[in-house]
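Remarks on the structure that follows.
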Amino acid sequence: MNGIRYFDHAATTSVKEDVLKAMIPYFCIEYGNPSSIYSIGRRNKKAIEEARKKVAKVINAKPQEIYFTGCGSESDNLAIKGIAYSLKDKGNHIITSKIEHHAVLNTCKTLEKEGFYITYLNVDENGLIDLEELQNVINEKTILISIMTANNEIGTIEPIREIGQIAKKNDIYFHTDSVQAIGNMKIDVQSMNIDSLSMSAHKFYGPKGVGALYVREGVPFTKIQDGGHQEKDKRAGTENVAGIVGLGKAIELAYNNIDEYNKKLTELREYYISQVEKKIPDVKLNGHRNNRLPGNVNISFKNVDGGELLLKLDEKGICASTGSACNSGSTQPSHVLTAIGLKPEYLESSLRITFGEENTKEDIDYLVDNLEEIVNKCRHV
Ligand code: PLP
């Protein structure tokens with residue numbers, strides 16, 4: 001890839017060739033509007049329905065429970081606001097965690113201004129919520145729990161099945177932001193008692209600008225955008241047909257060989273951790289040691305500035321991240337690393353490496369060699 005070593009698959013991935021091939025006809029040949037009744041329109045509608053079936057199959061949902069959106073952030077907004085607005089006469093309490101993506105946190109902040117009351121659960125040093133704390137904060141006004149499946153910065157996988165059980169037992173709806181998880185782990189909305197789930201195609205080798213939302217049949221859910229009647233009147237706007245076809249193809253391909261893919265990424269992850277721990281002193285692995293996304297490693301390098309580290313790596317053709325790509329303009333320390341209680345000398349020195357299909361052990365050797373040199377030069381104590 002143009003001499004670049006890309007280790008930022010949690011930020012985005014390249015579009016797979018087969019995904020692109022599936023999308024191309026829908027730009028210039030099959031360009032009809034899916035709402036049109038003539039054949040080119042109907043064929044577009046059919047293509048959307050095929051993609052819907054593919055998404056549903058992967059997460060064990062029904063096709064009619066899948067809604068296409070413009071991105072993961074939109075899916076989170078639609079799910080949380082959609083459920084909250086529908087149930088505001090029943091209750092106004094929502095439970096989430098301190099380490100959610102801003103797509104969830106800022107949605108909750110907006111709801112707070114509108115009279116909802118939000119509990120932000122703490123996490124432990126590994127980034128896990130406490131199930132007992134979750135159970136204890138539930139009250140008669142609680143309508144929704146929104147906890148991410150896996151964290152975008154530190155990769156920790158939350159106890160989703162157990163959260164689903166607690167939600168079901170207490171008759172509360174459960175939304176999970178699975179934007180980082182889909183394509184990287186198996187999810188079954190039935191056995192995990194998930195009522196609503198967000199995903200985004202560009203995280204699993206699909207195109208940017210298209211997402212999907214699962215909402216279990218029967219869950220009250222109000223549209224938040226006015227307009228036409230697309231997506232069963234839940235998401236107005238002419239559908240991004242090429243994008244939706246791409247999302248469908250990408251999710252199908254991702255789950256065709258998910259076990260093999262996860263095995264490869266886990267091996268790369270473990271190799272990278274072992275090399276860094278062997279060659280560079282004063283490092284700290286952030287997130288759960290094992291219960292983490294297969295391709296995610298977040299390591300802090302004591303007394304090294306994370307921003308400087310990124311720039312120096314970029315000079316060597318290495319793409320990595322200090323946290324969420326969506327936050328790269330921020331000067332605040334990461335809310336996730338703050339929530340897991342990192343000491344100041346580790347707080348602003350984290351490097352997130354997220355592996356993907358094209359990475360090899362040789363790439364990791366190149367990365368670690370450069371890291372060793374740069375960290376030695378950049379440590380400021
Ligand atoms: N949720 C999580 C956990 C994410 O990591 C991201 C993006 O990084 C989003 C939501 C937002 O997804 P999108 O970029 O498709 O809006």
Side-chain angles (χ1 to χ4, degrees), residues 6-15 19 55 67-81 96-110 120 123 127-129 146-158 160 163 175-185 187 194 196-214 224-225 235 237 240 243-244 246-247 250-251 254 286-288 292-298 319-330 334-337 339-340 350 352-356:
Y6 188 78
F7 300 107
D8 204 12
H9 295 81
T12 198
T13 57
S14 61
V15 174
V19 171
V55 174
Y67 302 86
F68 290 110
T69 65
C71 56
S73 302
E74 187 189 336
S75 296
D76 282 332
N77 269 265
L78 188 52
I80 298 170
K81 289 179 184 157
T96 187
S97 81
K98 288 186 177 167
I99 63 164
E100 299 296 308
H101 188 272
H102 282 105
V104 168
L105 287 179
N106 288 341
T107 298
C108 289
K109 294 263 177 297
T110 298
Y120 299 89
V123 292
L128 287 171
I129 67 147
S146 178
I147 302 288
M148 66 201 321
T149 313
N151 184 267
N152 46 300
E153 291 189 40
I154 56 174
T156 298
I157 299 171
E158 297 297 334
I160 293 304
I163 298 169
H175 169 71
T176 187
D177 174 345
S178 289
V179 169
Q180 291 293 334
I182 292 290
N184 287 306
M185 61 183 273
I187 294 184
I194 297 169
S196 157
L197 173 153
S198 308
M199 67 177 80
S200 184
H202 74 105
K203 308 291 187 183
F204 48 89
Y205 306 94
K208 295 171 185 60
V210 59
L213 172 65
Y214 150 78
I224 60 170
Q225 176 168 295
R235 198 273 184 174
N240 170 6
I244 291 169
L247 186 152
I251 202 167
N286 300 317
H288 198 281
R292 65 190 307 137
L293 290 172
N296 172 297
V297 187
N298 185 315
C319 304
S321 165
T322 47
S324 168
C326 326
N327 291 332
S328 53
S330 168
S334 144
H335 66 289
V336 177
L337 300 181
I340 62 172
S350 88
R352 182 187 72 177
I353 294 291
T354 44
F355 297 109

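Keep in mind the model is a prediction, meaning the values are calculated, not measured. Note that ligands are numbered from 1 as they come in the structure, with each ligand's atoms numbered from 1 the same way.
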Atom 16 (O) of ligand 1: of Ser73, Ala11, Ala10, the nearest heavy atom sits on Ser73
Which atom names give the shortest non-hydrogen contact between Ala181 and Ile187, and what distance separates them?
CB-CD1, 3.9 Å
At under 4.0 Å between heavy atoms, is it the side chain or the backbone of His202 that contacts ligand 1, or both, or neither?
side chain
Ala10 and Lys203 have their tightest heavy-atom pair at O-NZ, 2.9 Å
Using a strict cut-off of 4.0 Å, indicate which atoms of ligand 1 neighbour a heavy atom of Gln180.
3 (C), 4 (C), 5 (O), 8 (O)
Please test Ile80 against Val104 for side chain to side chain contact (heavy atoms under 4.5 Å, CB included), starting from the C-alpha separation and ending with a verdict.
CA-CA 8 Å; Ile80 298 170; Val104 168; 3.8 Å; yes
Which atoms of ligand 1 sit under 4.0 Å from any heavy atom of Ser200?
13 (P), 15 (O)
Ligand 1 contact on Lys203 by region, counting heavy-atom pairs under 4.0 Å:
side chain
Distance, nearest 0.5 Å, that separates OG of Ser97 from CD of Glu100:
3.5 Å
Asn152 heavy atoms, cut-off 4.0 Å: which ligand 1 atoms fall inside?
3 (C), 5 (O)
For Ser196, give me all partners under side chain to side chain donor-acceptor pair (under 3.5 Å), at least two apart in sequence or on another chain.
His175
Proximity to ligand 1 by part of Cys71, non-hydrogen separation under 4.0 Å
both
Over 60° means perpendicular and under 30° means parallel, so classify the ring planes of His335 and His102, tilted if in between.
tilted
What atoms in ligand 1 come closer than 4.0 Å to a heavy atom of Met148?
3 (C)
